[in-house]
Amino acid sequence: AYSIIESISKTKQIEGSVCEFGVGSGETSVLIANEILASEKNLHLFDSFEGLPKPSKEDRLINDIFKLGDINSYEGLMSSPKNIVLKKMKEIYFPKSRLIVHGGWFKEILKENYNLPKKVSFAYVDFDFYEPIKLALEFLDKVTTIGSIIIVDDYNYFSAGAKLAVDEFLNDNPA
């Protein structure tokens, strides 16, 4: 939480929206929303609202957080209804006009290209698995500028895919 708050503070003067990729029950969304409440920044929330996607071949279980024994057993877990997240945003009086919720799988959202942020100053990526993290980083590479901050959750934790996606992205985009 401290890293998120500090990073948002560092990016307050940078033009662009704030994004969270992988919302879950919205606890981190509330934290982020509270930090930008007094600003004019929009908050884009991206989530399937169907739980975790099917893992790819790049995803390998590092930490079996629910003791399921197999990465494939996590498909569909950690889902939370969209209305729970919206209720939490309403409880902190985050303006509806500045909240953009993108529901669905991220690769499909990218294809639709509807109401995506043109500039991003801060992003928190918590998609857990290789493919959606890699897609989020590729998208963010096009809409962030110098000084923007991206935090990727679960690096080298839970699924090996998170670390692999980040490492590949950084290797392919050294700037």
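Everything numeric in this text was worked out from a predicted model, so none of it was measured.
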Donor-acceptor pair, distance only, cut-off 3.5 Å: does the side chain of S148 make one with the backbone of V120? yes
Quick check: does any side chain N or O of N173 sit under 3.5 Å from a backbone N or O of L170, one acting as donor and the other as acceptor? no
Do [X] and [Y] have side chains that get closer than 4.5 Å, going by heavy atoms?
X	Y	value
I36	R98	yes
E131	P55	no
V23	T28	no
I62	Y157	no

Does a donor on one side chain sit under 3.5 Å from an acceptor on the other, for S159 and D128? no
Residue E15 excluded, over 12 heavy atoms near CD under 6.0 Å: no
Is the Y74 to F129 ring centre distance short of 6.0 Å? no
Side-chain polar contacts of residues 2-14 - donor-acceptor pairs under 3.5 angstrom, sequence neighbours left out - could you list them?
residue, atom, partner, partner atom, Å
S7, OG, S3, O, 2.7
T11, OG1, S7, O, 3.0
T11, OG1, I8, O, 3.2

Name all pairs fulfilling the ring pair (Phe, Tyr, Trp, His ring centres under 6.0 Å) condition that reach into residues 16-39, sequence neighbours left out, sorted by first residue then second. F21-F46, F21-F106, F21-F127
Electrostatic pair E138-K142, nearest N-O below 4.0 angstrom: no
